[in-house]
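This report concerns only the one structure given below.
Because the structure is predicted, anything quoted here is derived from the model rather than measured. Whatever order the structure lists them in is the order used to number ligands and atoms, beginning at 1.
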Amino acid sequence: MHYILTKDFPRHVGEEVTIKGWLYNKRSSGPIAFLEIRDGYRWTQAVAAKASLSPDVWERVEKVTQESAVEITGTVAKHPKKDNVFELQVKDLKILQLSENYPIALKDHGPDFLLENRHLWLRSKRQWAILKIRDAIITAMNQYLHQEDFIKVDSPIFTPNACEGTSTLFAVPYFDLGSAYLSQSGQLYIEAAIASVGRCYDFGPVFRAEKSKTKRHLTEFWMMDAEAAFFDHEDNIRVQEGLVRHIVRYCLEHCQEEFTILERNVESLKKVDAPFTRYTYEEAIIKLNQNGSDIKFGEDLGNDDEGILTKDSVVPVFIEKWPKSIKPFYMKTDPTNPERVFNDDLIAPENGGEIIGGSQREESVDILIERIKNEGLNMADYEWYLDTRRFGGVPHSGFGLGLERVVRWISGTEHIRECITFPRTIGRLKP
Ligand code: 4AD
Ligand code: MG
C-alpha cells in the first residue's frame, strides 16, 4: 500500500507518509495554509508552509478547493499543544480531482436542501458519526446474537402475504403471478427456520407504506427479526434486554469520538442496565390516565404516551401483554386471559420511542385459523405457515428491532431520516 490511513498516524510519527482523501476545509494565514483533510477515518490537519514548498506545490495548495480529492505527502508530527492529536507537515500535494462550486457550505442549511443533496451531505462530520454508530450497533447486534446461539438465516423481500396487516403493504407487479408484496418483516419465515436451526435471525430492509409523517417513520427501514424455539415470553424479554444492553455498552466503548461530534451526552446511556422497567399494558393505561393522557383501554400508545411512560426511567421500558384486538394474528393468547396476548413493545428513554416489538407466538393451529379469518387475511397464503405448527409445532418467541430507531436513540438524533444512508419517506424517493 503506497498510502496510509490517518487513524494510523500515532504509529508513524516522524516518518514521511502519503495520505489520500478530500479537502474538508482550508484556512490560510499568509504563507501558511491549514488544510483539514477527511480520509474516511479522521479529520486531520495538514500544514503547508510556503517557505518549505516548491512554487508549484504552493500554487496547488492555494488552488485546492473544498471537497477536492487530494493526495498529500508529508511528515507525521504530534500536535504542538494537543495530546493525541497528530498532523501532517506537507511536502507535496496532488489534486486528484478539483471540485468546483461544491453546493454544501460549512454552515447551516435547511433540511430539504440537505436531503436533496444527501449524496454529498453524508460527508459531513455529523453524518459520518451517525453512520459509524449505525455500524457499531450492527456489529454489536451480530456479536450478541451469536453469543446467544442465534444464527443469521435471512428471509425474502418479495412475499405473497402480509406479516403486519394489509394496510401498509407495498405491491409490485410480479410476472404472471399477480402482485408480490415487499416484506414488512421476515418474522413468519424465520419462524419456519427455527425448526431447522433452533434460534435464528434475519437482518435486512423492510417496507411499510406508512402514511405517518413523523420523526420516527420511514417507508424503508432495516429490521432485525430474531426467533427462538422453546422460548417463552420471559425468555424473550431476557434476550431483548440483553441485546439492547450489549448494544449500548458496545457503542459507549467504541464510539466516543462519534458521540463527541454529535454532542451526545452519554451519561444517560451509561445507566442502561438490566433489569429494564416493565409495565403491563393495563398498568400503562392507568399510569397514563393519572398523568394527563386521555388514552382509553384498547387504544394504541401515541408518541406523547410513550414519552410519559419513559419520563422517569433511565432504562428502556417494556409494555407487555396487550389487548389481542389491536395486535397481529400470530401473537400467543394468554391462557389466563383470552383477551390479551403475550407480547411486548420496548420503548427507549429520552424520547427514543418504540425500538422493539416482540411476542411469544401462537402455536395452536385452530386459534391461528380463527385469527387469520378475523383479520380478513387470505387463508391460502398462510397454509405454509400453519404447517410450521402442524409438523412439530413448539412454544417459541421472537422480536423485531428497528435499526434506525435504535440509531436515533443512541446517537441522540432528532429525526430518523438522518439514521439511514438514503432515507425513504412518503415525500422522498431521491436521491
Ligand atoms: O413492531 P413491529 O411492527 O413488529 C414486527 O414487524 C414483528 N413482525 C417483528 C417480530 O416480531 N419479528 O416492528 C418492529 C420494529 C418496531 O419496534 C420499530 O422499532 C420498527 O420496527 N419500525 C419502524 N422503524 C422505522 N419506520 C417505521 N415505519 C417502522 N415501523 C416499525
Ligand atoms: Mg410495534
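Among the atoms of E227, none of the N or O lies under 3.5 angstrom from an N or O of ligand 1. The shortest N/O to N/O separation between S185 and ligand 1 falls below 3.5 Å. Close N/O approach between S359 and ligand 1 is not found [any backbone or side-chain N/O within under 3.5 Å]. In terms of polar-atom proximity, defined here as any N/O pair under 3.5 Å, L218 does make such a contact with ligand 1. Between L401 and ligand 1, no pair of N/O atoms sits closer than 3.5 Å. Between H217 and ligand 1, no N or O atom pair is found at a separation short of 3.5 Å.
No side-chain donor-acceptor contact under 3.5 Å links D345 and Y281. Using a 3.5 Å distance cut-off with no hydrogens or angles, the side chains of T159 and N161 do not pair a donor with an acceptor. Under 3.5 Å, the side chains of S268 and E350 contain a donor-acceptor pair of N or O atoms. For the residue pair T413/S411, the side-chain donor-acceptor check at 3.5 Å is satisfied. Y3 and E71 share no side-chain donor-acceptor pair at under 3.5 Å. E418 and Q127 share a donor-acceptor pair across their side chains, judged by distance under 3.5 Å alone.
Set against the non-hydrogen atoms of E210, the atoms of ligand 1 under 4.0 Å away are 28 (N), 30 (N). Those atoms of ligand 1 with a heavy atom of I356 less than 4.0 angstrom away are 17 (O). Set against the non-hydrogen atoms of I355, the atoms of ligand 1 under 4.0 Å away are 17 (O), 19 (O). Every atom of ligand 1 is numbered from 1 in the order shown, and the set under 4.0 Å from a heavy atom of G357 is 1 (O), 9 (C), 10 (C), 11 (O), 17 (O). The atoms of ligand 1 that sit less than 4.0 Å from any heavy atom of G402 are 15 (C), 19 (O), 20 (C), 21 (O). With ligand atoms numbered from 1 in the order given, ligand 1 contributes 7 (C), 8 (N) to contacts under 4.0 Å with heavy atoms of Y330.
The Mg ion (ligand 2) is closest to atom OE2 of E354 (considering only N, O or S atoms).
Atom 13 (O) of ligand 1 has its closest protein heavy atom at R208 NH2, 3.6 Å. With respect to atom 12 (N) of ligand 1, the closest heavy atom belonging to the protein is D225 OD1, 2.7 Å. Ranking protein heavy atoms by distance to atom 7 (C) of ligand 1, first place goes to E164 OE2, 3.3 Å. In terms of protein heavy-atom proximity, atom 11 (O) of ligand 1 is nearest to R361 NH2, 3.0 Å. What sits closest to atom 16 (C) of ligand 1 on the protein, heavy atoms only, is E354 OE2, 3.3 Å.
Within the 3.5 Å criterion, the main-chain N or O of S293 finds a donor-acceptor partner in the side chain of N289.
Salt bridge annotation for K125-E257: absent, with no cationic side-chain nitrogen under 4.0 angstrom from a carboxylate oxygen. Taking 4.0 Å as the cut-off between side-chain N and carboxylate O, R390 and D387 count as a salt-bridged pair. Between E362 and R371 there is no salt bridge, since no side-chain N of the basic residue sits under 4.0 Å from a carboxylate O of the acidic one.
For the pair R424 and ligand 1, no heavy-atom separation below 4.0 Å is found. The closest approach between E404 and ligand 1 stays at or above 4.0 Å for every heavy atom of the residue. Using a 4.0 angstrom heavy-atom cutoff, R216 counts as in contact with ligand 1.
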(request) Go through the steps to decide whether E404 and R417 satisfy the test salt bridge (Lys or Arg N to Asp or Glu O under 4.0 Å), and finish with yes or no. (result) CA-CA 8 Å; E404 291 76 13; R417 65 191 168 208; over 6 Å; no

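Considering N291, L288, D304 as possible partners of L309, the one that fulfils the side chain to side chain contact (heavy atoms under 4.5 Å, CB included) test is L288.
Across the listed options G400, A209, S397, G400 owns the non-hydrogen atom lying nearest to atom 15 (C) of ligand 1. Here the shortest heavy-atom distance to atom 24 (N) of ligand 1, taken over Y201, F221, W409, belongs to F221.
Among the atoms of E164, no N, O or S atom falls under 2.8 Å of the Mg ion (ligand 2).
Contacts between D345 and ligand 1, counted as non-hydrogen atom pairs separated by less than 4.0 Å, are absent for every part of the residue. Looking at F207 against ligand 1, nothing comes within 4.0 Å, counting heavy atoms.
In this structure the side chain of R428 reaches within 4.5 angstrom of the side chain of E116, judged on heavy atoms. The closest side-chain heavy-atom distance from R27 to Q45 is below 4.5 Å.
Ring planes of H246 and Y144: tilted class, angle from 30 to 60°.
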